[in-house]
There are 2 protein chains.
Amino acid sequence: MIVDTGWHKRFRGQGYRLTIPREAILHVLSNTEEHLSAEDIYMVVHQKYPAIGLTTVYRTLDILVQMGVVFKFDFGDGRSRYELTEHFSRKKHHHHLICTMCSRIIDYTDFIDDELELLDRTKKTLSKKHNFQITGHMMQFYGLCEKCKT
Amino acid sequence: MIVDTGWHKRFRGQGYRLTIPREAILHVLSNTEEHLSAEDIYMVVHQKYPAIGLTTVYRTLDILVQMGVVFKFDFGDGRSRYELTEHFSRKKHHHHLICTMCSRIIDYTDFIDDELELLDRTKKTLSKKHNFQITGHMMQFYGLCEKCKT
DNA sequence: ATTATTATTGATAATGGTTATCAATATTAT
DNA sequence: ATAATATTGATAACCATTATCAATAATAAT
Ligand SMILES: [Mn+2]
Ligand SMILES: [Mn+2]
Ligand SMILES: [Zn+2]
Ligand SMILES: [Zn+2]
């Protein structure tokens, strides 16, 4: 049963339908603190809806990215990872600390205000100078986590 | 013929040998303004040394990344791209503006000083708070380039 | 020098995440 | 109803990257 929470309207606005698989995938993304891969999502969804296929997960994620609901990350471990964007997540704007050894990801929000101020300035300057319409940014730190640094 | 420019010593220091293929690959990376993929590099190298294989290019790039000579980027177009790190490049510290439509990449250096100051602060705080040894960072803007934004 | 050890190479095959294809089914518009 | 459109899952294909392996080159030991 589909519980409308505004998603229905949002999908229809883009010519899409809100289906069970799509709702299930959104539900998984809304209720995790992790940075799930397509297959991670597939496996969770699969427990409740064994009929939903991996292909549908990929397709839905593409749509969600295109709708600006989900951000697709590459943390260098060979698979893409997905996270709800700021506007649709209970998490606030944040960036990532990535362990290059074990791929552990840590969300951080330190200095986000200073950062946003800087980003805003940069954004303005760059859009003007290069006639570029900036839609987003990404920033991450690499290193070795507690366990991996020996 | 191998012209030693300090590379030889650097390779030996890590237990590697400076070979013709490795030198050729370094030469390509040193003389481009672009952000080349493994295959891009292979094709250039191949013109002068048809015997060098794509596998060797991948292997050498891995080593160079591991040595801190090269940075491996993911700009979202399905293949990794490589660029000499600040210390080994004539380019200065910079970041990237990426067109999500046509994958055009623009280097920019605006506000790099402010950014480095902020990054430094963030770095200090994060390493302490999460007991993380930070070795690098990445930052990029996404959007639509002049041609693609219409 | 000769020999033993180690590092490097390229061809080839395999891997594995992601996409394309397509016929079946569900939803919506007429 | 009926036609048009969207969505689906199974399957096969794609394609960048890795693993394998025997051949060769460079270095170290004798
Ligand atoms: Mn996160
Ligand atoms: Mn660059
Ligand atoms: Zn780790
Ligand atoms: Zn473009």
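Numbers restart at 1 for each chain; the letters A, B, ... are given by sequence-line order, proteins then strands.
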**OP:** Please state whether the phosphate of D:dA26, meaning OP1 or OP2, lies under 4.0 angstrom from any side-chain nitrogen or oxygen of B:T19.
**Re:** no

Problem - Test item: A:S30 and A:F88 side chains (from C-beta on) under 4.5 Å apart, heavy atoms - result: no

To the nearest angstrom, the CG-C1' distance between A:L18 and C:dA26 comes to 14 Å

A:I52 atom CD1 is separated from D:dA10 atom C1', nearest whole Å, by 15 Å

*salt_bridge(A:D74, A:R81) N-O dist < 4.0 Å*: no

Exercise for review: Answer yes or no: are there more than 12 heavy-atom neighbours, outside A:H27 itself, under 6.0 Å from its atom NE2?
Suggested key: no

Is the closest basic N to carboxylate O distance between B:D114 and A:R121 below 4.0 Å? yes

Rounded to whole Å, OH of B:Y49 lies from P of C:dT8 at a distance of 18 Å

| said: Would B:D40 and B:H35 count as a side-chain hydrogen bond (donor to acceptor under 3.5 Å, both in side chains) here? Give the steps. | reply: CA-CA 9 Å; B:D40 291 338; B:H35 304 84; over 6 Å; no

With the threshold set at 4.0 Å, does a side-chain nitrogen-carboxylate oxygen contact exist between A:K91 and A:E83? yes

Do any N or O atoms of the protein come closer than 3.5 Å to N or O atoms of nucleotides 12-21 of chain C, and which pairs are they?
| unit_1 | atom_1 | unit_2 | atom_2 | d |
| --- | --- | --- | --- | --- |
| C:dT12 | O4 | B:T55 | OG1 | 3.4 |
| C:dG17 | OP1 | A:R79 | NH2 | 3.3 |
| C:dT18 | OP1 | A:S80 | N | 2.9 |
| C:dT18 | OP1 | A:S80 | OG | 3.1 |
| C:dT18 | OP2 | A:Y58 | OH | 2.5 |
| C:dT18 | O5' | A:Y58 | OH | 3.4 |

B:I20 CD1 to C:dT9 P, in whole Å, measures 10 Å

Check: Do B:Y16 and B:R22 touch side chain to side chain, with heavy atoms closer than 4.5 Å?
Finding: yes

Rounded to whole Å, CG of A:L64 lies from P of D:dT7 at a distance of 12 Å

Whether each nucleotide of nucleotides 2-7 of chain C has a protein heavy atom under 4.0 Å at its base (B), only at its sugar-phosphate (S) or at neither (-) is summarised, 5' to 3', as ----BS

Separation of C:dT8 atom P from B:E23 atom CD, nearest Å, is 15 Å

Note: with side-chain heavy atoms under 4.5 Å as the link, the other cluster members for B:L118 come out as A:F111, A:L118, B:F111

